[in-house]
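Presented below is the structure to which this report refers.
Excluded from the calculations below are hydrogen atoms, water molecules and symmetry mates; all remaining heavy atoms, backbone and side chain alike, are included. Atoms within each ligand, like the ligands themselves, are counted from 1 in listed order. From a predicted model like this one, the values you see are computed outputs, not experimental measurements.
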Amino acid sequence: MTVQATDKFATKAIHAGEHTDAHGSVIEPISLSTTFKQSAPAQPIGTYEYSRSQNPNRENLENAIASLENGKYGLAFSSGSATTAIILQSLPQGSHAVSIGDVYGGTHRYFTKVANAHGVDTTFTNNLLEDLPTLVKENTKLVWIESPTNPTLKVTDIRAVSDKIKSLNKDIILVVDNTFLSPYLSNPLNFGADIVVHSATKYINGHSDVVLGVLATNDKAIYERLQFLQNAVGAIPSPFDAWLTHRGLKTLHLRVRQAALNATKIAEFLASNENVIAVNYPGLATHPNHDVVKKQHRDALGGGMISFRIKGGAEAAAKFSSSTRLFTLAESLGGIESLLEVPAVMTHGGIPKEAREATGVFDDLIRLSVGIEDADDLLDDVKQALAAAQ
Ligand SMILES: *Cc1c(COP(=O)(O)O)cnc(C)c1O
């Protein structure tokens with residue numbers, strides 16, 4: 001059975017990347033062998049030779065990712081960060097990149113502390129769409145978007161950026177980090193992105209038990225270059241991690257939809273609470289980019305991530321964070337369980353206060369990764385923690 005182009009998301013999630021084996025196993029076995037038999041020199045029996053180059057579990061996962069992102073090709077790596085590193089390593093020496101300002105901390109670190117050592121220079125902007133024509137130089141090769149951003153959840157119009165790049169008539173690839181939405185809520189390749197990347201550690205695996213990265217593209221030349229680097233660098237996931245991620249992916253549509261519905265309920269409550277200064281949630285009609293959300297997200301859903309400013313400063317944020325029963329205080333996101341964190345002292349603690357506050361990351365900002373527990377129980381937990389914090 002192979003999925004058809006007309007199959008809907010849920011069907012693809014369950015069946016894309018399906019394997020066949022001699023036993024007719026319904027669920028794919030984990031293939032741990034590092035090497036594969038050959039019948040004559042340089043004549044492998046099947047399609048595999050050595051597990052760094054390709055492995056059945058990784059290949060099935062890569063095919064599933066490609067299918068869910070409406071791409072022709074998928075690739076998996078040992079982490080989201082390794083995926084980013086491989087894409088940036090694919091640029092010629094002396095290239096220039098333009099990135100949105102508040103990208104994931106590790107992406108910012110790679111751009112500024114690693115890629116520059118390999119001769120790739122990056123300009124950051126908080127106003128990508130307007131600034132792009134003036135920021136693009138002779139050697140600009142790549143534009144990097146993350147949408148929604150972390151942790152203030154600003155949404156970028158991918159189609160508008162893609163059109164602007166095309167109007168410049170230059171050889172620039174557009175990369176979108178789609179980690180916060182997952183392929184269920186948005187498919188950036190549909191809006192003109194050349195590569196979509198994910199930290200599958202988050203929603204795609206979804207159970208907070210695997211670190212892994214993936215990308216998808218429709219461009220054969222880009223795919224072949226990145227696949228070459230995947231093998232040359234060797235930053236590949238283990239067969240077991242690929243298998244677990246593929247298993248997690250099969251329920252992506254159920255998990256992400258429920259997380260988004262739960263988050264909507266909580267965001268609406270926070271927006272009307274007197275102890276909350278401001279709420280960032282793309283699903284609210286009051287979100288500054290909600291018109292883009294309507295075009296770019298499935299059913300205009302806002303995803304599972306919320307951030308909000310609590311009255312009472314850093315002290316109230318700390319009190320809230322240690323008063324929840326169901327939300328666990330921890331970094332990361334996108335799992336079945338609800339998490340919360342205080343970005344100013346946790347994920348974004350390394351950014352100087354002034355730069356941090358310029359993007360909206362104040363000391364009183366709390367980030368929620370809303371899980372798939374019962375919505376009313378989660379809401380009650382937020383209510384009692386808000387009360388405890390005052
Ligand atoms: C976590 C994350 C990454 C990095 O992924 P790892 O799997 O932790 O290496 C990149 N981008 C975003 C948006 C993330 O949340």
Side-chain angles (χ1 to χ4, degrees), residues 58 61 65 69 74-89 97 99-115 122 124 142 144-156 158 175-186 188 193 195-216 230 233-238 241-242 244-245 248-249 252 256 259 263 280 282 297 302-307 330-335 339-341 343 346-351 359 361 367-371:
R58 192 173 95 218
L61 172 65
I65 293 292
E69 278 292 9
L75 289 170
F77 300 88
S78 52
S79 66
S81 304
T83 314
T84 301
I86 295 285
I87 293 170
L88 294 182
Q89 281 187 34
S99 169
I100 57 149
D102 42 358
V103 273
Y104 177 71
T107 305
H108 189 271
R109 181 174 56 205
Y110 197 90
F111 272 129
T112 55
K113 300 217 161 83
V114 187
T122 308
F124 296 93
L142 177 143
W144 191 283
I145 293 176
E146 193 177 307
S147 181
T149 56
N150 175 23
T152 51
L153 304 167
K154 298 180 192 90
V155 174
T156 299
I158 298 166
V175 183
V176 176
D177 183 335
N178 194 28
T179 298
F180 267 41
L181 292 179
S182 90
Y184 176 67
L185 289 186
S186 191
I195 305 175
V196 52
V197 308
H198 288 274
S199 168
T201 313
K202 317 296 169 47
Y203 287 103
I204 290 179
N205 177 61
H207 294 72
S208 307
D209 49 14
V210 174
V211 173
L212 192 144
V214 294
L215 64 82
Q230 180 194 42
V233 174
I236 47 131
S238 73
D241 283 352
L244 272 177
T245 302
L249 168 157
L252 183 67
V256 170
N280 303 311
H297 297 194
M305 301 300 295
I306 304 172
S307 63
E331 295 186 2
S332 200
L333 60 117
L339 300 179
L340 90 167
E341 67 126 357
M346 294 172 70
T347 48
H348 293 64
I351 307 172
T359 65
V361 184
R367 186 186 82 178
L368 304 178
S369 171
V370 180

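Cation-pi geometry between Lys202 and Tyr104 is met: under 6.0 angstrom from the ring centre, within 45 degrees of the axis.
A donor-acceptor pair under 3.5 Å is absent between the side-chain atoms of Thr179 and the main chain of His198, judged by distance alone. At least one donor-acceptor pair under 3.5 Å links the side chain of Ser182 to the backbone N or O of Tyr184.
In the vicinity of Gly80, heavy-atom distances shorter than 4.0 Å reach the ligand 1 atoms 5 (O), 6 (P), 7 (O), 9 (O). The contact set between ligand 1 and Glu146, taken as ligand atoms under 4.0 Å from a residue heavy atom, comprises 13 (C).
Of the polar atoms of Ser81, at least one N or O is found under 3.5 Å from an N or O of ligand 1, judged by distance alone.
When the heavy atoms of Phe180, Tyr104, Tyr110, Phe77 are ranked by distance to atom 4 (C) of ligand 1, first place goes to Tyr104. Of the candidates Ser79, Ser199, Gly105, Gly334, it is Ser199 that places a heavy atom closest to atom 5 (O) of ligand 1.
Test Thr347, Asn150, Thr152, Asn280 against Arg367 for side chain to side chain donor-acceptor pair (under 3.5 Å) and you get one pass: Asn150.
The protein atom (non-hydrogen) at minimum distance from atom 7 (O) of ligand 1 is Thr201 OG1, 2.7 Å. Annotation: atom 11 (N) of ligand 1 to nearest protein heavy atom, Asp177 OD2, 2.7 Å. Protein heavy atom at the shortest distance from atom 2 (C) of ligand 1 is Lys202 NZ, 2.6 Å.
Between the OG atom of Ser99 and the CZ atom of Phe111 there is a distance of 4.5 Å, given to the nearest 0.5 Å. Distance CG/Asp177 to CD1/Ile195: 12.0 Å, rounded to 0.5 Å. Here the straight-line distance linking atom OG of Ser307 with atom CD of Glu341 works out to 9.5 Å at 0.5 Å rounding.
For the ligand labelled ligand 1, residue Asn150 lies outside the 4.0 Å heavy-atom shell.
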